[in-house]
Amino acid sequence: MDAQSYSTALADLRTVRDQIKKARAALAKLEADRNKRIIQLASYDKAKAERIAPAAGLGVADVVSLAPALAPDSLAADNDPLLQSHKPFTDQDTAETTPTPPQRAAAAAMPSASAHSAPPAAPPAATGPKQQHKAETPRELPSVPVGSSGDAWFAHTQGLASTRPNFTQQARSTVFLDTTTGVLVHRNQTHHLDLAGRTAADILTAVFHTVPEGVERIYITAGHPWHRDADRYPYLRDAVSAWLNAPTPGWRTDTGRGRDRMAGHFVHARNPVGRYMREHGEHHVEIRSVGEWFDVNGDDPATVRDAFVLLWQALRRHWPDAVVMGSPSQTGRDLWTRTIPTRGQHADGFPVLSEELRGLLHATAGQGRNELITPPRVPDQLPQLVEYDRTFAYAKHTWKSPVGTPRRITATTFAAWSQKEQMRALYGCGHWQVRVTVPDTWNHVGLLPAPAPGDRAWHYPAEPGTTFTTWAGGPEIHTALTNPMTPWKIEILDGILWEDGKPLDDWAKKLKETWTNLSAQAHFQGNPEQARAAHLASRAVRSILLYGIGAFAQRPRMVTGTTPRTMERDVPPDAEIIGFDDELITWQKPTGFARDPNAHPEWAAAIWSGARAALLTQRHRDDNTYAGALHTPPGTVVAFRTDALYLTQPHNWPYHHQPGDYLLRGHLTGPHAAPTTEEELLRLRETGRAALTPEREA
């Protein structure tokens with residue numbers, strides 16, 4: 001670019017800036033007019049929020065916040081899902097929502113896990129709808145009700161248990177399509193398609209013209225066709241929803257059939273799933289993103305096909321009837337069910353917890369730790385940025401999981417135990433409601449998650465003297481009490497305790513062996529294309545375990561639907577409007593927990609807790625050393641990102657290519673300004689990875 005073109009580009013950029021400013025002003029004017037009209041409609045004595053919301057293109061909660069008189073009188077604000085805070089979806093949102101928290105209740109006595117005790121804190125004052133909309137208001141986590149009503153939660157759902165399947169899973173005919181180049185790979189054949197506008201209808205027409213014998217799964221390897229009109233929508237999910245729900249002549253949205261068939265489209269910003277069926281016939285087909293399985297970095301469809309073949313072959317060494325299903329989570333849970341013992345203690349399967357306990361775990365057990373630590377807790381100028389990533393991390397924490405009927409451990413019961421009994425319980429399979437106090441001399445990172453403002457958001461208080469109430473798993477509680485610096489004060493308010501078992505051990509061992517074998521293939525394979533395919537297959541095994549564990553959490557289902565604009569009064573009253581055009585209104589609504597026989601959020605919660613604790617401290621027995629954030633000097637931890645740790649200096653931690661080991665992934669020498677946003681951190685991360693030739697990608 002020369003000076004003249006540079007000046008021209010700057011002028012063009014200023015023009016775009018001015019257009020954006022004008023568009024924002026026009027949008028603000030339209031929104032003000034819309035809000036004024038809503039308030040006017042609310043003056044009608046028979047006005048209803050659920051009628052006004054679709055007409056305005058808003059959620060019911062937004063309408064009620066503008067016109068509080070429309071709030072239902074019969075529902076309390078903190079129990080009504082219609083009155084929960086509403087926000088537009090961003091490209092990091094999934095099609096899942098948080099359920100209404102279980103009934104809140106004050107805990108009984110609150111003795112400390114140490115020798116101290118403290119009087120119970122006053123419960124927070126009730127908040128109304130307006131207060132709930134304030135972003136700065138922290139979430140209040142649910143509690144187990146006191147007395148017999150809470151004790152009733154500690155049971156299993158009648159007639160619902162995970163059992164070994166008595167059928168053989170059927171493989172699906174699959175093709176791999178690059179929608180940028182039009183290259184289609186079907187078995188050993190390669191075709192070149194004309195995809196026209198890359199709509200779902202274009203893809204279905206072209207694929208079935210080329211492979212008329214019937215395809216049941218279309219993996220998109222490149223092109224992201226669901227983003228083709230992204231610049232027309234404020235959020236990626238809106239563009240994806242419009243793409244999925246566009247007309248598909250000869251096809252309609254799948255209504256589901258068979259054991260492993262799911263109904264309806266799955267709206268996700270990055271990896272959506274389109275499910276279609278013939279208008280006249282029984283042919284079902286899915287359009288999916290291969291990004292569910294692994295990141296494709298310019299790999300052609302043939303290499304992706306080879307990766308799936310290698311994955312299937314490797315899984316068959318451990319599961320003779322293994323089938324690669326549509327997603328890693330489906331595959332992971334199917335493979336797990338085929339490890340359920342046919343004899344012994346759990347031959348009858350693993351019972352599913354009560355819906356109340358599942359809801360409690362969903363609301364109080366977070367997943368990975370994602371935290372950016374900014375100045376003054378770290379230097380304004382970082383001398384270095386060093387990234388360590390725990391290899392195949394979750395596989396390290398599957399050796400022990402909760403089984404059996406859970407027991408409630410009240411504060412009084414816990415206080416009556418000896419110190420040895422208390423520590424044994426905290427080191428076991430439990431989920432605890434605690435009041436936490438950060439030591440006055442503390443100068444390092446936070447150790448326990450606390451509820452932060454926002455849906456399912458968490459932060460990690462580290463300010464000396466801070467006190468907060470939260471729920472946490474046994475591994476994190478144990479770490480807080482026995483960390484190498486100074487014990488934290490932990491007061492047990494309530495708890496859920498299970499027996500220790502190994503329901504996931506056989507499944508995880510087989511996946512770890514599969515991962516090890518494929519990783520070795522990738523390392524020693526002389527053919528570069530086959531080496532790359534083996535590497536992708538090893539990443540797919542990681543996804544099977546990672547997302548298989550996430551699937552046990554069984555989040556509440558979300559149904560997405562469309563209604564013609566001419567019939568907008570038929571939009572379900574508890575639905576949220578997520579998009580609309582001249583013809584259709586697109587909405588979604590939660591439908592609660594399904595009767596899923598493989599719902600075990602207690603397993604996912606235990607693994608996530610163990611993984612978060614291992615980011616803080618992890619012992620390497622063979623090397624007689626420790627690794628993790630607490631084994632770094634104070635002020636040197638920049639960020640946590642699920643399995644990764646970002647530091648201002650390197651450490652000589654052992655790495656033996658084993659699950660859980662800390663792999664050096666990036667090393668960027670400074671000085672560099674400390675990142676203050678996630679985007680800045682990710683930019684530095686990519687630069688650091690490019691600057692380092694990693695030993696082997698995790």
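Position 1 is the first residue of the sequence; numbering continues from there.
Among residues two or more places apart in sequence or in another chain, the salt bridge (charged side-chain N to carboxylate O under 4.0 Å, His left out) test is passed with R641 by E678. For Y460, the side chain to side chain contact (heavy atoms under 4.5 Å, CB included) partners are R369, E371, P449, R612, not counting sequence neighbours. For K510, the salt bridge (charged side-chain N to carboxylate O under 4.0 Å, His left out) partners at least two apart in sequence or on another chain are D506.
With hydrogens and angles disregarded, no donor-acceptor distance shorter than 3.5 Å links the side chain of S609 to the backbone of A605. Side-chain N or O atoms of R164 include one that pairs as donor or acceptor with a backbone N or O of I340 at under 3.5 Å. A donor-acceptor contact shorter than 3.5 Å links the side chain of S354 to the backbone of W153. Side chain of S149 to backbone of V146: a donor-acceptor contact under 3.5 angstrom is found. Judged purely by atom type and a 3.5 angstrom limit, Q169 has no side-chain atom pairing as donor or acceptor with the backbone of D321. The backbone N or O of G264 lies less than 3.5 Å from no partner atom in the side chain of T253, so there is not a single donor-acceptor pair. Put simply, the side chain of T413 never gets that close to the backbone of I409: no donor and acceptor are under 3.5 Å apart. Remark: side-chain polar atoms of W432 are not paired, donor with acceptor, to backbone N or O of D494 under 3.5 angstrom. Not one N or O on the side chain of K512 forms a donor-acceptor pair closer than 3.5 Å with the backbone of P659. The closest donor-acceptor contact from the side chain of N483 to the backbone of A480 lies under 3.5 Å.
Side-chain contact of R358 with T157: a donor-acceptor pair under 3.5 Å is present, judged by distance alone. Using modelled atom types and a 3.5 Å distance limit, the side chains of S329 and S327 yield a donor-acceptor pair.
Taking the six-membered ring where the residue is Trp, W471 and H431 present parallel rings, their angle staying beneath 30° rather than reaching 60°. Ring geometry, W336 versus F350: the interplanar angle falls from 30° to 60°, so the pair is classed tilted. Between F266 and H268, the ring planes lie parallel to each other; the angle is under 30°, not in the 30° to 60° tilted range.
Taking a 6.0 Å sphere around NZ of K48, one finds it holds 12 or fewer heavy atoms contributed by other residues, nucleotides or ligands. By the neighbour-count criterion of 12 heavy atoms within 6.0 Å, atom CG of D151 is densely surrounded, having more than that number from other residues, nucleotides or ligands.
From L426, atom CG reaches atom CD of Q422 across 7.0 Å, with rounding to the nearest 0.5 Å.
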